[in-house]
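I have placed the structure first, in the form of structure tokens, so that the comments after it can refer back to it.
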Amino acid sequence: MRIAHIGIAVKDAEAALMLYQKILGLEPSSIETVESQRVKTVHIPIGDSSIELLESTSPDGVVAKFIEKRGEGIHHIALEVDDIRDTLEKMKTAGFQLIDETPRPGAGNKLIAFIHPRSTNGVLIELCQPTKQTH
Ligand code: ZN
């Protein structure tokens, strides 16, 4: 298991990228729009993890609502697990409040599921599992 990425809600991903790209010299590995979540994601690898900049593609998207309520900032922490369905099952049994009962497709060809911050000390946790890629 590892921290896959830290998601940061931003108003303008291109502008936010300047800090990481121009100042810190890091390059984004992907810029991707996930229509189902109405979000544009920019992944910036740092060591074994990455920063995920999240910009809403719609004024009523979850990221837009997050920024409206709390301002820009850390939105979630993504933990990579080997078997996301098994982890979800264990968390559900242990009484954690799942936002996604079953995994759904996320950015970067991964299966993802969110756990409600109400049951995880105020931190929105994203579980993710890389899906097998066929080239
Ligand atoms: Zn994420």
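Both counts, for ligands and for their atoms, begin at 1 and track the order of listing. When reading the values below, keep in mind they use all heavy atoms of this one structure, side chains included, and skip hydrogens, waters and symmetry mates.
Counting only N and O atoms by type, the side chains of S50 and H43 include a donor and acceptor under 3.5 Å apart. Checking H116 against Q97 by side-chain atom types alone, no donor-acceptor pair falls below 3.5 Å. Side-chain contact of H5 with E80: a donor-acceptor pair under 3.5 Å is absent, judged by distance alone.
Angle OE1 (E52) to the Zn ion (ligand 1) to NE2 (H5): 90°, rounded to 10°. The OE1 atom of E126 and the NE2 atom of H76 subtend an angle of 80° at the Zn ion (ligand 1), given to the nearest 10 degrees.
Note on C128: not counted as a metal contact of the Zn ion (ligand 1), no N/O/S atom lying under 2.8 Å.
Side chain of R2 to main chain of D48: a donor-acceptor pair is present (N/O by atom type, distance under 3.5 Å, no hydrogens or angles).
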